[in-house]
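Notes follow once the structure below has been shown.
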Number of protein chains: 2
Amino acid sequence: MTNRSAEPARRTGDRGRYGRLSRSRVLKTAFDLVDREGLSALSMRKVAAELDVEAMSLYRYANGKDALLDGLVEVLYEHIEQELAHCAPPPATDWQAGLQRIVRATYQVALSHPQMAPLLATRILAVPMARRPQAVLRTHEQVLTLLEQSGLDRQSAVHAYRAVTAWTLGFILTDLQAMVDDPTAPEIGFRLGLQHMSAQETPALRTAAERLAEPGGTLALETGLAALLASYSPTDR
Amino acid sequence: MTNRSAEPARRTGDRGRYGRLSRSRVLKTAFDLVDREGLSALSMRKVAAELDVEAMSLYRYANGKDALLDGLVEVLYEHIEQELAHCAPPPATDWQAGLQRIVRATYQVALSHPQMAPLLATRILAVPMARRPQAVLRTHEQVLTLLEQSGLDRQSAVHAYRAVTAWTLGFILTDLQAMVDDPTAPEIGFRLGLQHMSAQETPALRTAAERLAEPGGTLALETGLAALLASYSPTDR
DNA sequence: CATCGTAGGCTTACGGCGTAAGGTCCATCA
DNA sequence: TGATGGACCTTACGCCGTAAGCCTACGATG
């Protein structure tokens, strides 16, 4: 509610007519809020408050909370595209390297914004493909195009596409899974809460927990990707 | 609130002292509600209403909504265990078949209860491993044990375990992803909402959409699983 | 400069939600 | 029979999403 009449509402590209809101400002605020406090802390009212605005004002730029969540996914994929754009030149001939590049970028952006990970899983289940944000569709289009370049027939390319998508999503979720039970504990076993796990019923899992707590890493991601791709392109073996 | 004093509160194993509630009854009611109306329709108050009880009464059996959600995951994995128990005998020597069996059961239970799928993704991110329901841990223990039987060293077994988990979860989510935009449309293209997808920007995806709308199926699930497993066990190639 | 249509933001209000705190009743058993 | 305590209920609070409608400052127009 701060009166900023000192600024005569110059219509920069990033503010609305009154020099206050804009879609990008709303999404960025929500994005930062989730990064900072987690998805469960996201509410229309809090986002609005951070913008010195009432909740209902957001509706012009994100028509309801679901639309806001989809906006967050959009931002996430825009980050992926940025990562892809400024980071590496695409080696036009090597389709497999092209796929690796996209999958790796997706993984890294997810790691940078772990609080958003649930969105990747839940929104894909909630919003039909045709309604997904453009940035999402563009990225998926690239994946599919690369696979079709690889010489696979259309049917196999679609199967491979599903495999790549499933692997990437599953790997990210598995990698980000909650392992730490008590962050304040000094010893790793207690930090993981192993004293709550029965050594009778789940001995192997208990023993493996320490190793499972470490992130999988880019290497494991790409190993699995390569294995899946190889199984779809008979030329490779 | 119906007075059922006709029944003198016989303490069957499935009811509490007053012959009304019990953990299993609460979870079953919530589970059915989600199956019927979706996760977003789940609320403490509605579950309570279906049991002719007040919301706060549930807290003795599920201490808050998060605990209720974890209870649903528990029920889901109990279904998986039932599927495993009554369906096929485990071929003790063939560890790969053993893994297939578990993964397939997980997939089939997920398909039977598609509304629960988001829980698989979100709860794994929210509750530390050591605090997961016993049924979940038992199933994971089986997977890990089978992999250790396969001759992999401990380190590789853990990597393979992560891969199996990631693949299964990712495959399920990808398989259950929303594709249908307008269920009432007679023609498939409109049913998928393809008119909303730009033929300029995402032509390949648009074309592939029809194929993507079909479920992946058990075969694709097992193909990918085999490919991943092969990449972790050098003896296989 | 005066006017006007409207985009952009605000107000109010409603019903539903999770849950903290404490009360009540009744099956049990001494 | 009377005490005990577990099972369920009542009340209340503060959040939430959002429908409906209002108000006003702005850009365009003359």
Side-chain angles (χ1 to χ4, degrees), chain A residues 1-27 29-30 33-34 37-72 122-123 126, chain B residues 1-27 29-30 33-34 37-72 122-123 126:
Chain A
M1 234 72 91
T2 64
N3 192 345
R4 56 185 71 184
S5 58
E7 293 179 22
R10 66 260 130 95
R11 249 176 164 309
T12 73
D14 202 24
R15 338 278 281 209
R17 182 146 130 200
Y18 293 75
R20 316 255 264 139
L21 295 182
S22 73
R23 178 167 166 84
S24 64
R25 247 162 74 78
V26 168
L27 293 185
T29 303
L33 177 62
V34 171
E37 304 182 29
L39 252 187
S40 64
L42 178 71
S43 77
M44 300 298 274
R45 293 169 131 101
K46 279 196 208 147
V47 173
E50 292 213 358
L51 289 163
D52 274 331
V53 139
E54 300 302 313
M56 291 308 290
S57 306
L58 304 180
Y59 275 67
R60 189 158 311 267
Y61 303 99
N63 195 25
K65 190 172 188 183
D66 280 0
L68 187 63
L69 294 175
D70 291 337
L72 294 184
T122 55
R123 298 318 289 166
Chain B
M1 236 79 85
T2 64
N3 192 346
R4 57 185 68 186
S5 57
E7 294 180 23
R10 73 262 130 85
R11 248 178 168 309
T12 74
D14 201 25
R15 338 279 279 208
R17 182 147 128 200
Y18 294 83
R20 314 253 266 139
L21 296 182
S22 73
R23 178 168 166 85
S24 65
R25 247 163 74 80
V26 169
L27 292 185
T29 304
L33 177 63
V34 171
E37 304 183 29
L39 251 188
S40 64
L42 178 70
S43 77
M44 300 298 275
R45 293 169 131 100
K46 279 196 207 145
V47 173
E50 293 214 356
L51 289 162
D52 274 332
V53 137
E54 300 302 314
M56 292 307 291
S57 305
L58 304 179
Y59 275 68
R60 189 156 313 267
Y61 303 99
N63 195 28
K65 190 170 188 185
D66 280 359
L68 186 63
L69 295 176
D70 290 337
L72 293 184
T122 57
R123 299 316 291 165

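All chains are named by letter (A, B, ...) in the order of the sequence lines, taking the proteins before the strands, and each is independently numbered beginning at 1.
- The distance from atom CD of A:E54 to atom P of C:dC10 is 6 Å, rounded to the nearest whole Å.
- Computed from coordinates, the A:L69 CG to D:dC16 C1' distance equals 14 Å when rounded to whole Å.
- The interatomic distance linking A:L58 (CG) with C:dT11 (C1') rounds to 15 Å, in whole Å.
- The A:Y61 side chain lies nearest to C:dG8 when the options are C:dG8, D:dA7, C:dC10.
- When the side chain to side chain donor-acceptor pair (under 3.5 Å) test is applied to A:E50, the partners found at least two apart in sequence or on another chain are A:R36.
- Looking at every heavy atom in both residues, B:A62 comes nearest to B:A67 through C-CB, 4.1 Å.
- By the side-chain contact (heavy atoms from CB on, under 4.5 Å) test, B:R60 is found to be paired with no residue, residues two or more places apart in sequence or in another chain being considered.
- Between atom CG of residue A:L58 and atom OG1 of residue A:T29 there is a gap of 9.0 Å, rounded to the nearest 0.5 Å.
- Across every non-hydrogen atom of A:M44 and A:K65, the tightest pair is SD-CA, 4.0 Å.
- Between A:L42 and A:A30, the closest heavy-atom pair is CD1-CB, 4.0 Å.
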If the sugar-phosphate is the primed atoms plus P, OP1 and OP2 and the base is the rest, what is the B/S/- string for nucleotides 15-24 of chain C, using protein heavy atoms under 4.0 Å?
-> --BBBBB---
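- Residue B:S57 places no side-chain N or O under 4.0 Å from the OP1 or OP2 atom of D:dA7.
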